[in-house]
Number of protein chains: 2
Amino acid sequence: MYRIGELSALYDIKADTLRFYEKHGLLSPSSRSDSGYRLYNQDDSERLKFILRAKAVGFSLNDIADLLSIEVDKSNRACAEVKGLVDSKLEQVEAKLAELQHFAASLKSLSNTCCGGPDSAEHCSILEALESSDQHIIAKKEQHHFSHSGHKD
Amino acid sequence: MYRIGELSALYDIKADTLRFYEKHGLLSPSSRSDSGYRLYNQDDSERLKFILRAKAVGFSLNDIADLLSIEVDKSNRACAEVKGLVDSKLEQVEAKLAELQHFAASLKSLSNTCCGGPDSAEHCSILEALESSDQHIIAKKEQHHFSHSGHKD
DNA sequence: CTTGACCTTAGATTAAACTCTAAGGTTTAT
DNA sequence: ATAAACCTTAGAGTTTAATCTAAGGTCAAG
């Protein structure tokens with residue numbers, strides 16, 4: 001069991017952030033102490049890890065709420081529904097993955113091309129390395145309306 | 001050659017956004033018409049694609065400016081310097097990549113486990129699918145100070 | 001028994017990344 | 001010739017995701 005300060009320290013975020021996530025339905029402590037202190041268990045910690053990871057790879061809190069809603073609602077939703085949601089997110093993830101692999105490849109080739117020495121880097125260019133790329137996954141994002149205020153106040 | 005409206009339409013962004021990127025040193029049109037209209041060529045378009053991709057995978061404009069600076073400065077920098085910058089970005093990209101692969105695997109296993117039928121999705125959970133994960137790449141980000149106002153006014 | 005960690009509500013502030021408005025002007029397409 | 005697209009500067013407004021402050025309290029460890 002972690003208290004808010006402990007959990008926030010663990011992930012190097014602010015206690016405020018945890019309260020913010022709670023307010024917005026992303027993460028609630030599984031229990032409270034007699035005195036009302038938030039108590040987070042290992043599952044809560046995992047959930048937080050999930051949130052932070054998803055954030056780190058470019059998902060908005062909205063997107064993350066979508067993903068987590070699968071967890072919350074799982075017994076109230078038909079498998080078909082869940083599968084749909086998951087598959088649509090999977091598409092997004094795979095698009096990002098493709099982008100990143102492209103990136104990584106370019107950076108690697110750049111790093112390898114680069115002599116690493118003290119000479120001018122005239123022939124080093126990410127854009128050169130990236131030059132032949134066709135996919136453009138950069139489209140309109142679905143906007144879900146995170147409802148910054150009307151959540152459950 | 002694209003005019004601002006054309007290029008922005010091409011990537012489904014606002015003309016304002018292109019002016020914004022220009023003001024912040026991310027993308028300047030390679031030329032102007034006699035009448036002062038911005039004219040973007042194919043290279044500019046590629047650069048924009050790069051920016052939007054990088055954004056889509058969770059890099060900040062700051063991070064992107066770093067990456068692009070390699071391009072801009074390449075003849076003024078020693079190869080060693082460039083290599084350092086590239087390698088550090090590569091680390092970030094690979095960390096993100098690892099996260100995403102984890103994600104994708106979880107979503108896939110979730111999608112597969114899911115019967116996809118009309119029954120309750122009791123046993124579908126992203127968090128369950130993700131449950132055994134150790135890495136925590138979620139650390140303090142380097143903050144570069146994009147200097148929202150003091151760029152070259 | 002006091003300091004530091006926590007609680008609450010409520011609102012202010014910050015930062016990034018846009019997005020829009022205004023005001024006044026030029027250019028290009030029909 | 002007129003409307004739509006562009007130009008400028010300059011600043012206001014928006015959204016997301018925090019972060020901070022205040023005010024007034026409770027709780028726990030040394």
Side-chain angles (χ1 to χ4, degrees), chain A residues 1-29 31-40 48 51-52 54-66 138 140-153, chain B residues 1-29 31-40 48 51-52 54-66 138 140-153:
Chain A
M1 285 301 200
Y2 310 99
R3 289 193 313 196
I4 198 166
E6 289 162 351
L7 190 64
S8 63
L10 201 58
Y11 289 98
D12 196 32
I13 59 176
K14 296 280 159 64
D16 274 332
T17 304
L18 288 174
R19 293 196 197 96
F20 177 83
Y21 287 168
E22 185 175 346
K23 187 153 70 175
H24 292 289
L26 290 165
L27 175 66
S28 298
S31 58
R32 295 280 186 138
S33 73
D34 286 350
S35 43
Y37 282 22
R38 287 165 181 83
L39 294 174
Y40 299 90
L48 178 57
I51 293 168
L52 297 177
K55 243 173 56 66
V57 294
F59 283 106
S60 69
L61 297 193
N62 247 303
D63 290 330
I64 298 167
D66 277 1
I138 307 138
K140 270 176 251 211
K141 275 189 192 168
E142 19 167 349
Q143 292 291 28
H144 260 282
H145 241 64
F146 182 45
S147 78
H148 217 275
S149 43
H151 223 292
K152 59 156 196 179
D153 320 301
Chain B
M1 285 300 201
Y2 309 99
R3 290 192 313 196
I4 198 165
E6 289 162 351
L7 189 65
S8 62
L10 201 58
Y11 290 98
D12 195 31
I13 58 175
K14 296 279 158 66
D16 273 332
T17 304
L18 288 174
R19 293 196 197 96
F20 177 83
Y21 287 167
E22 184 174 348
K23 187 152 71 177
H24 293 289
L26 290 165
L27 175 66
S28 297
S31 59
R32 295 279 186 138
S33 73
D34 287 351
S35 43
Y37 282 22
R38 285 165 181 83
L39 295 173
Y40 299 90
L48 178 57
I51 293 169
L52 297 177
K55 243 171 55 65
V57 294
F59 283 106
S60 70
L61 297 192
N62 246 303
D63 289 330
I64 297 167
D66 277 2
I138 307 137
K140 273 175 250 215
K141 275 189 188 168
E142 19 167 348
Q143 291 292 28
H144 258 283
H145 242 63
F146 183 46
S147 78
H148 217 274
S149 44
H151 222 289
K152 60 155 195 179
D153 321 300

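Among the nucleotides C/dC20, C/dC18, D/dC20, the one closest to the side chain of B/Lys14 is C/dC20. The side chain of A/Phe20 approaches D/dT19 more closely than any other nucleotide in the set D/dT19, C/dA16, C/dC20.
Here D/dT16 presents its P atom at 13 Å from CG of A/Asp66, a figure rounded to the nearest Å. Between the NE2 atom of A/His24 and the P atom of D/dA18 there is a distance of 9 Å, rounded to whole Å. We find that CG of A/Leu61 is positioned 10 Å from P of D/dT16, with the value rounded to whole Å. Atom C1' of nucleotide C/dC18 and atom CG of B/Leu26 are separated by 12 Å, given to the nearest angstrom. For the pair A/Asn62 CG and D/dT16 P, the computed distance is 7 Å after rounding to whole Å. Rounded to whole Å, atom C1' of D/dT19 lies 12 Å from atom OH of A/Tyr21. Separating the CG atom of B/Asp63 from the P atom of C/dA15 is a distance of 18 Å, rounded to the nearest angstrom. Going from atom CG of A/Leu48 over to atom P of D/dA18 covers 10 Å, rounded to whole Å.
Tested against A/Tyr11 for a side-chain contact (heavy atoms from CB on, under 4.5 Å), the candidates A/Thr17, A/Ile51, A/Leu48 yield a single pass: A/Leu48.
A 4.5 Å side-chain heavy-atom check between A/Leu26 and A/Phe20 finds every atom pair outside the cut-off.
For B/Tyr37, there are no side chain to side chain donor-acceptor pair (under 3.5 Å) partners two or more places apart in sequence or in a different chain.
A distance of 6.5 Å separates CG of B/Leu18 from CG of B/Leu27, quoted to the nearest 0.5 Å. Between atom OG of residue A/Ser31 and atom CE of residue A/Met1 there is a gap of 3.5 Å, rounded to the nearest 0.5 Å.
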Protein-nucleic acid N or O pairs under 3.5 Å, nucleotides 1-3 of chain C:
none

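Residue contacts for B/Ser60: at a heavy-atom cut-off of 4.0 Å it reaches the sugar-phosphate backbone alone, with no base atom in range.
Residue A/Lys55 has a polar side-chain atom (N or O) positioned under 4.0 Å from OP1 or OP2 of D/dA18.
Closest approach of A/Ser8 and A/Gly5 over heavy atoms only: OG-O, 3.1 Å. When all heavy atoms are compared, the tightest approach of B/Ile64 to B/Lys55 is CD1-N, 3.7 Å. Across A/Ser28 and A/Tyr40, no two heavy atoms sit closer than the pair C-CE2, 4.4 Å. Heavy atoms only, all atoms of each residue included: A/Arg38 and A/Pro29 are closest at CG-CG, 3.5 Å.
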**Annotated protein contacts, base or backbone, on nucleotides 5-10 of chain D with a non-hydrogen cut-off under 4.0 Å, one of B, S, - each** = BSSS--
